[in-house]
Amino acid sequence: MTPVRISDALRAVVFEPTRDLTEALDEFYAPDYTHRSDGETVDRAGFVEMVTRVRAQIAGGTVRVLDELRDGLRYAERHVFEITMVDGSTARREIAIFGSYAEDGRFRHLSETGFDLPA
């Protein structure tokens, strides 16, 4: 098992989308993946819908990992991302993620919370 990293997933899926979305999602997220953000949990189909919507709005972005920890199948990470939207606006956020891996090293579940940072 070679566990994936959220920073690599963000680059491949959203910030530098050079690959087919389905292929990129399959590399990083298990078939039974669930995602929790802002108190709402979605299954993989809901996550795919969310990513598809977000990907169409983002022109590019970067991610800088501040902390990352793996312990068996458990995962925690904190990062700052900066994005540029297709309308030219920008955003900067710090995100904390806690989750678990499937046995094959892809994410099974991630819970995230974050806050906006000054530009």
Would you check if Arg78 and Ile95 make a side-chain contact, meaning some heavy-atom pair closer than 4.5 Å? no
What are the two closest non-hydrogen atoms of Gly46 and Asp43, and how far apart are they? N-OD1, 2.9 Å
How close do Phe28 and Ala24 get, counting heavy atoms only, and between which atoms? CD1-O, 3.1 Å
Using modelled atom types only, decide if a donor and an acceptor are shared between the side chain of Asp71 and the backbone of Arg74 within a distance under 3.5 Å. no
Can you tell me how far CZ of Phe47 sits from NE2 of His35, rounded to the nearest 0.5 angstrom? 5.5 Å
With under 30° as parallel and over 60° as perpendicular, where do the rings of Tyr101 and Tyr75 fit, or are they tilted in between? perpendicular
Quick one, Arg19 with Asp26, criterion salt bridge (Lys or Arg N to Asp or Glu O under 4.0 Å). Give me CA distance, side-chain angles, the key distance, then yes/no. CA-CA 11 Å; Arg19 294 178 20 211; Asp26 286 346; over 6 Å; no
Just verifying a value: how many Å separate Phe15 CZ and Glu82 CD, rounded to the nearest 0.5 Å? 9.5 Å
So, His109 and Ser100: side-chain donor and acceptor under 3.5 Å apart, yes or no? no
Over all heavy atoms of both residues, which pair between Arg106 and Val4 is shortest? Give the atoms and the distance, please. CA-CG2, 4.0 Å
For the residue pair Ile58 and Met85, what are the closest heavy atoms and their distance? CG1-SD, 3.9 Å
Measuring only between side-chain heavy atoms, which start at C-beta, is Thr90 closer than 4.5 Å to Ile83? no
Do the side chains of Ile97 and Val65 join up, straight or via other hydrophobic residues, at under 4.5 Å, putting them in one cluster? no
I need the Asp20 CG to Glu27 CD distance, nearest 0.5 Å. 12.0 Å
Are the side chains of Phe81 and Thr62 in touch, meaning some heavy atoms are under 4.5 Å apart? no
For the residue pair Arg5 and Glu68, establish whether any side-chain heavy-atom pair is separated by less than 4.5 Å. yes
So do the side chains of Leu73 and Arg108 get within less than 4.5 Å of each other, counting heavy atoms only? no
Working note: Ile6 + His79, criterion side chain to side chain contact (heavy atoms under 4.5 Å, CB included); need CA distance, chi angles, decisive distance, verdict. CA-CA 9 Å; Ile6 195 63; His79 66 265; 4.3 Å; yes
Taking the side chain as everything from C-beta on, heavy atoms only, tell me whether Thr34 gets closer than 4.5 Å to Val42. no
Return the CZ to OG distance between Arg64 and Ser7, rounded to the nearest 0.5 Å. 12.5 Å
Looking at Arg11 and Val63, what are the two nearest heavy atoms and their distance? NH2-O, 3.4 Å
Can a donor-acceptor pair be found, under 3.5 Å and without considering hydrogens, that links the side chain of Arg36 to the backbone of Glu112? no
Got Leu110 and Phe98 here, is their nearest side-chain heavy-atom distance under 4.5 Å? no
Going through the checks in order, is the side chain to side chain contact (heavy atoms under 4.5 Å, CB included) test met by Asp32 and Arg44? CA-CA 6 Å; Asp32 60 346; Arg44 181 165 164 141; over 6 Å; no
Take a 6.0 Å sphere around CG of Asp116 and say whether it holds more than 12 heavy atoms from other residues, nucleotides or ligands. yes
Taking all atoms of both residues into account, what is the closest heavy-atom pair of Pro118 and Arg92, and its distance? O-NH1, 3.1 Å
Any non-hydrogen side-chain atom of Val54 less than 4.5 Å from a side-chain atom of Val14? yes
